[in-house]
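Scroll down for the structure; my scribbles are underneath it.
Every chain is numbered from 1, with letters handed out A, B, ... down the list of sequences.
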2 protein chains.
Amino acid sequence: MTGRRQDLGASFARLTRAMIDAETPILAARGVGMWEYVVLSALEDGAAPTQAELAATVRRDKTRLIPILDALEGRGLLSRTPDPADRRNRVVALTEPGRAVLAACRAGVRAMEDEFLAAVPAAERRIFTTVLEQLADRTSR
Amino acid sequence: MTGRRQDLGASFARLTRAMIDAETPILAARGVGMWEYVVLSALEDGAAPTQAELAATVRRDKTRLIPILDALEGRGLLSRTPDPADRRNRVVALTEPGRAVLAACRAGVRAMEDEFLAAVPAAERRIFTTVLEQLADRTSR
DNA sequence: GATAATCGTATGCATGTGCTTACTATCTGC
DNA sequence: GCAGATAGTAAGCACATGCATACGATTATC
């Protein structure tokens, strides 16, 4: 890898900023903030058994997560249900409207991503995204 | 790209955090903070003609850049020289000791990166890093 | 039953960041 | 020569974030 010029960290950071800048208006057009989108996404595959666990998943301080959840629940996009097995806990889950909003956001984000990657040949694109996801999955959250 | 699960932005953000977490102790062992490293790196290929331009390059508020530059200059790692062509400006350049410290940091970062990518087959790794750099270079700073 | 631990909630505090303001010194254009 | 603009510098302000504290409700352990 002696030919590599830029640090991985610098490239990732730069692309993160670019993605955030690109995603923000897409989400805003659907009435969703970035943290809200992150939370909705985290619930896509299934409910979080506790708010604390959701906070850890999205790496957002549990106390600062409250207003985000308040807002989303207030809009009917997610529900917080006391867990009968342990009433200290509240199970957090997407509602149908929440799923619909998330799907709309996701569609916009996907379109943006596809456009962003359009200049990369298909075979390389496939390798890039596969390796990217593998690397990301290997990092602790 | 219908098979892709995770948002690019989420993967990039996650990897950025992982890189920061991995780099921080590497830099600290060489007495360098992350912002300091970013600044040193930005000067690697040549001096910045003004501090303002350096600030834009590293995306750091020019007013907040001052203490960083003060610290680095105080350690003799960079110089700030009034530009005779326009004495409002100060040309910022690495010193030889600065280059040495940067090289040491870079070596540590490279070793970490190589280890991080070790599980990726060489051919895929090459494609991944090439595409990554191309994508990063295409984003506005 | 009493104590300790945990969850969700609200809030305080310290730190980092971006933007703004203000200043001195310098430069540019008229 | 003068007004306006710019560079570097210091500091204020608002906001975001992480961590800590405290509380009521609930659970687990002894």
(request) Could you check which of D/dT9, C/dT17, D/dA25 has an atom nearest any side-chain atom of B/Arg64? (result) C/dT17
(message) Just N and O in the side chain of B/Arg90: are any of them under 4.0 Å from OP1 or OP2 of D/dA7?
(response) no
(message) What is the distance, to the nearest angstrom, from the CG atom on A/Asp61 to the C1' atom on D/dA20?
(response) 10 Å
(request) Give one of base, sugar-phosphate or nothing for A/Thr50, where a contact means two heavy atoms less than 4.0 Å apart. (result) sugar-phosphate
(request) Taking only the side-chain heavy atoms of B/Asp70 (C-beta and beyond), determine which of D/dA5, C/dC13, D/dA10 contains the nearest atom. (result) D/dA10
(message) Do A/Thr139 and A/Leu135 have side chains that approach each other closer than 4.5 Å (heavy atoms only, starting at C-beta)?
(response) no
(request) State which of D/dT17, D/dT26, C/dG18 makes the closest approach to the side chain of A/Trp35. (result) D/dT17
(request) Indicate yes or no: does B/Arg110 engage A/Asp7 in a salt bridge with an N to O separation below 4.0 Å. (result) yes
(message) Which nucleotide wins on minimum distance to the side chain of B/Ile66, given the candidates D/dA10, D/dA20, C/dA25?
(response) D/dA10
(request) Please determine if a side-chain N or O atom of A/Arg87 lies less than 4.0 Å away from the OP1 or OP2 oxygen of D/dT27. (result) yes
(request) May I ask you to decide whether A/Arg75 forms a salt bridge with A/Asp70, counting only side-chain N to carboxylate O separations under 4.0 Å? (result) no
(request) Among D/dT9, D/dA20, C/dG8, find the nucleotide with the atom closest to the side chain of A/Ala52. (result) C/dG8
(message) Nearest whole Å is fine: how far is D/dG18 C1' from B/Arg17 CZ?
(response) 14 Å
(request) Look at A/Glu44 together with A/Arg99 and state whether they make a salt bridge at an N to O cut-off of under 4.0 Å. (result) no
(request) Take atom NZ of A/Lys62 and atom P of C/dT11, then tell me their distance rounded to the nearest Å. (result) 16 Å
